[in-house]
Amino acid sequence: SRSDVNGNYQWRIIFLDHLELWSLHPLSVMPGSDGFSSVSDNMSVSKQPSAGIYPIQYTLWEKGIYELSIFSGTTLVSGSSYTVEVANGSPQASSSSALGKGLEEGVAGEESSFEVRVRDSRQSEIQSIKTSAASIDFINEIQRLQVLSNLGDTFQIEFRGQRTSNIEVGVSTLAEIDDALETLYSIGQVSLSSEGSTVIQNGD
């Protein structure tokens with residue numbers, strides 16, 4: 001809801017559900033689209049009393065020093081201004097890590113060192129995976145084809161779903177087949193050889 005207070009607008013927002021999501025992403029005041037930022041950035045949370053007791057719970061998600069004041073309406077409750085210092089929680093082994101050569105090796109009489117990164121229970125755990133594999137030399141694949149089509153017939157060569165244009169027996173040459181294969185996305189550079197002539201014939 002919106003109300004007019006001394007010529008200024010004041011908004012009142014009541015959250016009815018998903019409070020845990022709102023606490024993770026609280027509201028903030030941003031400048032207007034015209035760049036005008038002369039607005040109050042103070043925010044307050046109010047709660048109805050029960051049996052004369054005002055139960056207040058809050059969670060601070062970032063460490064630092066906060067000023068906390070309690071009001072009854074618009075009047076500050078006497079002695080209710082506090083400074084709250086928030087620090088990280090107790091260290092937790094599962095979220096912390098240690099690394100450095102000092103954990104693996106050392107020389108007698110010489111200083112060794114390693115680093116410990118301490119995190120509390122709210123910090124995400126970091127895990128790393130290291131793999132190793134034997135490296136082998138790259139070997140070009142060699143394939144052998146035999147032409148069984150008759151003179152004047154045409155055929156195509158297919159590799160991994162890609163097909164060449166028509167190849168005509170008795171007309172097409174090795175150089176033309178080489179060019180046709182290298183235009184396919186599934187093949188890189190190739191080298192062709194034939195036991196017959198440079199023109200494709202039956203039986204090559």
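Remark: Ser112 engages no residue in a side chain to side chain contact (heavy atoms under 4.5 Å, CB included) (not counting sequence neighbours). The side chain to side chain contact (heavy atoms under 4.5 Å, CB included) check on Leu103 picks up Ala98, Phe114, with sequence neighbours excluded. Remark: Glu195 engages Arg144 in a salt bridge (charged side-chain N to carboxylate O under 4.0 Å, His left out) (not counting sequence neighbours). Taking Gln156 as the reference, Asn166 meet the side chain to side chain donor-acceptor pair (under 3.5 Å) condition, with sequence neighbours excluded. Legend: residues meeting side chain to side chain donor-acceptor pair (under 3.5 Å) with Glu67, ordered by chain and number and at least two apart, are absent. For Asn150, the side chain to side chain contact (heavy atoms under 4.5 Å, CB included) partners two or more places apart in sequence, or in a different chain, are Asp153, Asn202.
Applying the salt bridge (charged side-chain N to carboxylate O under 4.0 Å, His left out) test to pairs two or more places apart or on separate chains, those with a residue in residues 101-116 are Glu115-Arg117. Listed by first then second residue, pairs satisfying salt bridge (charged side-chain N to carboxylate O under 4.0 Å, His left out) with a partner in residues 160-188 read Glu158-Arg163, not counting sequence neighbours.
Applying the 4.5 Å side-chain rule to ILVMFWY residues, one finds that Ile65 remains a lone member of its cluster. Hydrophobic cluster membership of Val171, counting Ile, Leu, Val, Met, Phe, Trp and Tyr whose side-chain heavy atoms lie under 4.5 Å apart directly or via other members: none, as it forms a cluster of its own. Residue Leu192 is found in a hydrophobic cluster whose other members, listed by chain and number, are Leu145, Val147, Phe155, Ile157, Phe159, Ile167, Val169, Leu174, Ile177, Leu181, Leu184, Ile187, Val190, Ile200; membership requires side-chain heavy atoms under 4.5 Å apart, directly or through intermediates. Other members of the cluster containing Leu99 do not exist, because no ILVMFWY side chain is joined to it at under 4.5 Å.
Cluster membership check: Leu151 does not share its hydrophobic cluster with Leu148, using side-chain heavy-atom separations under 4.5 Å among Ile, Leu, Val, Met, Phe, Trp and Tyr.
In this structure, the side chains of Leu76 and Ser81 come closer than 4.5 Å at one or more pairs of heavy atoms. You'll find the side chain of Ser172 stays beyond 4.5 Å of the side chain of Val199, heavy atoms only.
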